[in-house]
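Below is one structure, written out as structure tokens, with a few remarks after it.
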Amino acid sequence: MSFDQAKSIVAQTGQALLEAQKVGLVHRDVAPRTSSCLLRVDVKIINFPLAKPINEKVSGVAAYLSPEQVQGNQSDQRSNTYSLAAILYHLLTGEQPFQGPSVQAVLDMQVSTPVLPPTQRRPGATCHQRPTS
């Protein structure tokens, strides 16, 4: 996906999350499965009430959870921002930021492993267009 397409999707999703925050809602499960793109033009955020439990301490989609969520700590809008960045990473590289042989392995990586820069996952990926001469 192009950077401009990914940026549009993430910007729309972020705006929807900010609107929800204005009325006191924090999503806590921001992931591709909880948003929907109609022809990649309009983004709709769904499934606000509850995230699906992963284990006794964690709910949500492992690959998009913030470290504080993985550790079972209180989450807020900053957790949504982290998850939104993970979605952007996925849109730009075609891969989730953390991948492992099990859900627990992915959760462990969320709190202990630096993410590989997108350009190392997808050489040639850029976040801007190069000026033409």
Side-chain angles (χ1 to χ4, degrees):
M1 175 174 294
S2 76
F3 179 73
D4 287 339
Q5 289 173 311
K7 183 173 72 170
S8 175
I9 290 169
V10 169
Q12 289 180 61
T13 305
Q15 187 60 44
L17 293 169
L18 287 174
E19 292 300 320
Q21 181 185 13
K22 288 178 184 177
V23 296
L25 293 174
V26 177
H27 195 287
R28 293 183 180 86
D29 189 18
V30 177
R33 74 176 189 162
T34 60
S35 63
S36 145
C37 296
L38 306 173
L39 301 176
R40 294 197 173 144
V41 176
D42 295 319
V43 174
K44 308 291 182 204
I45 306 299
I46 58 176
N47 295 343
F48 265 88
L50 296 172
K52 183 179 175 185
I54 292 175
N55 60 34
E56 67 281 347
K57 192 168 87 164
V58 181
S59 296
V61 178
Y64 304 96
L65 291 176
S66 65
E68 61 270 15
Q69 288 175 289
V70 170
Q71 294 170 328
N73 297 330
Q74 183 69 27
S75 60
D76 58 24
Q77 197 64 24
R78 293 172 292 186
S79 298
N80 287 343
T81 301
Y82 180 96
S83 299
L84 194 54
I87 290 172
L88 177 61
Y89 187 98
H90 191 168
L91 291 172
L92 293 175
T93 66
E95 299 179 22
Q96 298 169 337
F98 297 104
Q99 301 173 47
S102 67
V103 169
Q104 189 59 52
V106 172
L107 294 175
D108 292 343
M109 285 184 260
Q110 288 284 24
V111 296
S112 65
T113 307
V115 70
L116 191 63
T119 53
Q120 288 184 10
R121 279 267 166 94
R122 193 178 122 209
T126 61
C127 294
H128 61 283
Q129 295 208 353
R130 295 175 192 209
T132 56
S133 303

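Just so you know, residue 1 is the first one in the sequence shown, and it goes up from there.
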Donor-acceptor pair, side chain of S83 and main chain of Y64, under 3.5 angstrom: yes
V70 reachable from V106 in the ILVMFWY side-chain graph, under 4.5 Å edges: no
Side-chain touch V61/L65, heavy atoms, less than 4.5 angstrom: no
Modelled atom types, side-chain donor and acceptor of Q110 and Y82, under 3.5 Å: yes
Sequence-distant partners of T113, side-chain contact (heavy atoms from CB on, under 4.5 Å), two or more places apart: F98, M109
Nearest-0.5 Å distance, CG of residue N80 to CZ of residue R78: 11.5 Å
Distance (rounded to the nearest 0.5 Å) between I9 CD1 and D4 CG: 11.5 Å
Set of side chain to side chain donor-acceptor pair (under 3.5 Å) partners for Q99, sequence neighbours left out: E95
Shortest non-hydrogen contact between A86 and A63, atoms and distance: CB-O, 4.2 Å
Contact summary for V111 and P67, nearest pair of heavy atoms: CG1-O, 3.7 Å
Test side-chain contact (heavy atoms from CB on, under 4.5 Å) applied to L107 and V103, step by step: CA-CA 6 Å; L107 294 175; V103 169; 4.1 Å; yes
Q77 and T81 side chains, donor-acceptor separation under 3.5 Å: no
Nearest non-hydrogen partners of S112 and P114, listed with the distance: O-CD, 4.0 Å
Side-chain donor-acceptor contact under 3.5 Å, D108 with Q104: yes
Exercise: identify the closest heavy-atom pair between A6 and L88: CB-CD1, 3.8 Å
Residues which pass side chain to side chain donor-acceptor pair (under 3.5 Å) with E68, listed by chain and number, not counting sequence neighbours: S66, S79
R121 side chain vs Q96 backbone, donor-acceptor pair below 3.5 Å: yes
same_hphob_cluster(L91, L84) at 4.5 Å side-chain heavy-atom cutoff: yes
